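Source: prediction; values computed, not measured. For this chain, numbers begin at 1 and follow the sequence in order.
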Amino acid sequence: RKEIRNELRMLDGDQLEILTEAIQKSQSAQKKNLIRIAGLAGANSAVKLFVQSLHNADLEEVATQALIHCDRDSAVPLLEELKQERDDDEVIRALEILNELSAIPYFDQLLPLLNHENPEIRHLTYRLLSRSKSQGISPWWILGTMDSYPPIQKICQELLLNICRQDASA
């Protein structure tokens with residue numbers, strides 16, 4: 001699979017654009033295969049189509065993998081998706097994908113989700129933000145230690161302890 005991915009990564013922009021257009025025009029069975037290929041190829045031009053495909057139960061799994069393969073290029077469209085009114089399952093899916101990417105979003109884009117009523121959404125948001133190096137997020141770690149959901153408390157306590165250890169060794 002890695003060899004195939006490496007070969008597909010050698011496609012040029014025009015070829016990837018043709019692939020993206022084919023995804024838009026194809027039917028479900030073909031679309032699934034084309035999304036898989038475009039994801040392995042890292043087709044940045046198709047990332048928005050991948051995000052749209054998340055709303056189709058038949059394409060959700062392959063679109064998720066395609067977004068993960070596109071890595072950093074997937075972050076902004078997924079964050080845009082989170083800004084829209086979505087049900088909890090869609091928000092959770094987007095946050096799970098974001099947690100798989102190497103990109104670390106600016107924490108201010110995710111702050112509203114730290115107060116979400118669904119503890120799983122808060123937990124995934126804290127997990128995502130735990131990779132941030134920003135000092136401005138430290139007050140949120142303190143608040144997280146008082147969250148009613150124990151996994152959030154644990155993440156925040158560990159992060160605060162790490163900050164204390166770093167300060168003590170400096």
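- Residue Glu120 holds its CD atom at 8.5 Å from CD1 of Ile152, rounded to the nearest 0.5 Å.
- Not a single side-chain hydrogen bond (donor to acceptor under 3.5 Å, both in side chains) links Gln153 to another residue, sequence neighbours left out.
- Connection of Ile23 to Ile18 is not established within any shared hydrophobic cluster, with ILVMFWY side chains joined at heavy-atom distances below 4.5 Å, either directly or through further cluster members.
- Linking ILVMFWY residues whenever their side-chain heavy atoms come closer than 4.5 Å, directly or via other members, leaves Val76 and Leu110 in distinct clusters.
- Within a 6.0 Å radius of CD in Gln84, more than 12 heavy atoms belonging to other residues, nucleotides or ligands are found.
- Criterion: ILVMFWY side-chain heavy atoms under 4.5 Å apart, direct or through other members. Under it, Leu111 and Trp141 are part of a common hydrophobic cluster.
- Residues Asn99 and Leu124 share a closest heavy-atom pair of ND2-O, 3.1 Å.
- Atom NE2 in His69 sits 12.5 Å away from atom CD1 in Ile35 (nearest 0.5 Å).
- Across all their heavy atoms, Ile163 and Ser138 have their closest contact at CD1-OG, 3.7 Å.
- Closest heavy-atom contact between Ser130 and Leu159: CB-CD1, 3.5 Å.
- Residues that satisfy the side-chain hydrogen bond (donor to acceptor under 3.5 Å, both in side chains) test with Asn118, not counting sequence neighbours, are Asp88.
- In this structure the side chain of Arg86 reaches within 4.5 angstrom of the side chain of Glu81, judged on heavy atoms.
- For the pair Arg93/Ile97, a side-chain contact is recorded, criterion being any heavy-atom separation below 4.5 Å from C-beta on.
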### Message
Checking Asp147 against Leu143 for the side chain to side chain contact (heavy atoms under 4.5 Å, CB included) test, could you report, in this order, the C-alpha distance in whole Å, the side-chain angles of both residues, the deciding distance, and whether it holds?
### Response
CA-CA 7 Å; Asp147 194 280; Leu143 289 173; over 6 Å; no
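- If you chain together hydrophobic residues whose side chains sit under 4.5 Å apart, Leu161 and Ile155 never meet in one group.
- Cys70 and Ser74 get closest at one heavy-atom pair: CB-OG, 3.5 Å.
- Ile142 contributes atom CD1, which lies 10.0 Å from atom SG of Cys156 (distance to the nearest 0.5 angstrom).
- Using a 4.5 Å heavy-atom threshold, the side chains of Leu101 and Arg72 count as separate.
- Applying the side-chain hydrogen bond (donor to acceptor under 3.5 Å, both in side chains) rule to Gln24 yields no partners; only residues at least two apart in sequence or on another chain are considered.
- By the 4.5 Å heavy-atom criterion applied to side chains, Gln15 and Asp12 are counted as neighbours.
- Under 3.5 Å, the side chains of Glu90 and His55 contain a donor-acceptor pair of N or O atoms.
- A salt bridge links Lys83 to Glu80: one of the charged nitrogens lies within less than 4.0 Å of a carboxylate oxygen.
- Hydrophobic clustering keeps Ile104 apart from Val47 (ILVMFWY residues linked when any side-chain heavy atoms are closer than 4.5 Å, directly or through intermediates).
- Taking the charged nitrogens against the carboxylate oxygens, Lys32 and Asp58 have no contact shorter than 4.0 Å, which rules out a salt bridge.
- Separating the CG atom in Asn56 from the CD atom in Gln52 is a distance of 11.0 Å, to the nearest 0.5 Å.
- Across all non-hydrogen atoms, the minimal contact from Ala103 to Ala75 is CB-CB, 3.9 Å.
- Side-chain contact between Leu59 and Lys31 is present, with heavy atoms from C-beta onward closer than 4.5 Å.
- With values rounded to the nearest 0.5 angstrom, Gln27 atom CD is found 11.5 Å from Leu34 atom CG.
- Arg122 places a side-chain heavy atom less than 4.5 Å from the side chain of Ser148.
- Here Leu78 contributes atom CG and Glu100 contributes atom CD; the two are 12.0 Å apart, rounded to the nearest 0.5 Å.
- Residues Ala43 and Phe50 share a closest heavy-atom pair of O-CE1, 4.1 Å.
- Side chains of Leu129 and Leu114 form a contact here, defined as non-hydrogen atoms less than 4.5 Å apart.
- Residues Leu113 and Leu95 have side chains in contact (heavy-atom distance under 4.5 Å, counting atoms from C-beta outward).
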